[in-house]
Amino acid sequence: MSLKYTNSFTVEGGNFEKAGIASVEIKKILKNMGINGDTLRKIAIAAYESEINIISYAKRGVINVRVTPDFVLLDVEDEGPGIENIGMAIREGFSTASDTIREMGFGAGMGIPNIKNCSDAFELTSEVNKGTHLRVLINISGS
Ligand SMILES: Nc1ncnc2c1ncn2[C@@H]1O[C@H](COP(=O)(O)OP(=O)(O)OP(=O)(O)O)[C@@H](O)[C@H]1O
Ligand SMILES: [Mg+2]
């Protein structure tokens, strides 16, 4: 299996002015590679929700993107408070978002559930006071 593309995008915690820059860039690159339709839509959602979560909750993070002929892997690692209860965080509607974050329109508790719904394989691990590691694999379908 030959690797087609790999790159890393850093995301700064707390910087909402730059929210969406990494995920829009990722979407653009993958679109230019010929990935489209449902596959592109799922990758864009997963990248965007991951980026917003880093900005909302972590100090800093990186979205590693790896594309093979068969799948796209988003490997998202951050340094931050971590997630105390992964089981809760995966549930629809669970959120610890601050008022400031909610005022910006986030905090519905739908980001992680959305990422999971878009994934063909999903892995979320975390260490409290260290950080969070999210791995999302999306198969490249013929669309
Ligand atoms: N990278 C992260 N670091 C620490 N905690 C996180 C991180 N990502 C998510 N969480 C925790 O998991 C909860 C659920 O995340 P999720 O993205 O599903 O919802 P949300 O960010 O609260 O709201 P929404 O994504 O709908 O705007 C968050 O409220 C937060 O407590
Ligand atoms: Mg979120």
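Atoms within a ligand are numbered from 1 in the order they appear, just like the ligands themselves. Counting begins at 1 with the first residue of the sequence. Model, not experiment: these values are computed from the prediction.
Proximity of D120 to I138: side-chain heavy atoms (C-beta onward) are separated by under 4.5 Å at one or more points. Residues Y5 and I35 fail the side-chain proximity criterion, which asks for heavy atoms closer than 4.5 Å. At a threshold of 4.5 Å between non-hydrogen side-chain atoms, the residues N114 and Y48 do not count as touching. A heavy-atom distance below 4.5 Å is not found between the side chains of L134 and L74. Between V65 and I43 the shortest side-chain heavy-atom distance does not fall below 4.5 Å. Between T39 and L30 the shortest side-chain heavy-atom distance does not fall below 4.5 Å.
Atom 15 (O) of ligand 1 has its closest protein heavy atom at I112 CD1, 3.6 Å. Here the heavy atom of the protein found nearest to atom 7 (C) of ligand 1 is Y57 CD1, 3.6 Å. Counting only heavy atoms of the protein, atom 25 (O) of ligand 1 lies nearest to G111 N, 3.1 Å. Considering only non-hydrogen protein atoms, atom 12 (O) of ligand 1 sits nearest to A89 CB, 3.6 Å. Among protein heavy atoms, the minimum distance from atom 19 (O) of ligand 1 is reached at G109 CA, 3.2 Å. Looking from atom 26 (O) of ligand 1 to the surrounding protein, the closest heavy atom is M110 N, 2.8 Å. If you check which protein heavy atom lies closest to atom 14 (C) of ligand 1, you get F94 O, 3.4 Å. The protein heavy atom nearest to atom 10 (N) of ligand 1 is I83 CD1, 3.7 Å.
Here T96 has heavy atoms under 4.0 Å from ligand 1 in both its backbone and its side chain. If you look at A58 next to ligand 1, there are no close heavy atoms at all, none under 4.0 Å. With a heavy-atom cut-off of 4.0 Å, F106 touches ligand 1 through backbone and side chain alike.
Within the structure, ligand 1 has P113 among the residues with a heavy atom less than 4.0 angstrom away. Remark: distances from the non-hydrogen atoms of G80 to ligand 1 are all 4.0 Å or more.
Between atom CD1 of residue I101 and atom CE of residue M104 there is a gap of 6.0 Å, rounded to the nearest 0.5 Å. Distance check, rounded to the nearest 0.5 Å: CZ of F71 to OG of S119 gives 13.5 Å.
Below 4.0 Å from some heavy atom of E49 lie the following atoms of ligand 1, by number and element: 25 (O). Close approach of ligand 1 to S95 is summarised as follows: ligand atoms under 4.0 Å from at least one heavy atom of the residue are 20 (P), 22 (O), 29 (O). Under a 4.0 Å criterion applied to the non-hydrogen atoms of G82, ligand 1 contributes the atoms 4 (C), 5 (N). Numbered from 1 in the order shown, with element, the atoms of ligand 1 that lie under 4.0 Å from a heavy atom of G107 read 22 (O), 23 (O), 24 (P), 27 (O). The ligand atoms of ligand 1 that sit less than 4.0 angstrom from a heavy atom of D78 are 1 (N), 2 (C).
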Side-chain donor-acceptor pairs of residues 15-24 under 3.5 Å, sequence neighbours excluded:
unit_1	atom_1	unit_2	atom_2	d
N15	OD1	E17	N	3.2
N15	ND2	E12	OE1	3.3
S23	OG	G20	O	3.4
S23	OG	E51	OE1	2.6

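In terms of modelled atom types and a separation under 3.5 Å, the side chain of R135 and the main chain of E123 share no donor-acceptor contact. Between the side chain of N85 and the backbone N or O of G87, at least one donor-acceptor pair lies under 3.5 Å.
The Mg ion (ligand 2) has N53 among its coordinating residues (N/O/S atom, backbone or side chain, under 2.8 Å).
Residue A108 places at least one N or O, backbone or side chain, under 3.5 Å from an N or O of ligand 1.
The two residues S126 and G131 have their closest heavy-atom pair at OG-O, 3.0 Å.
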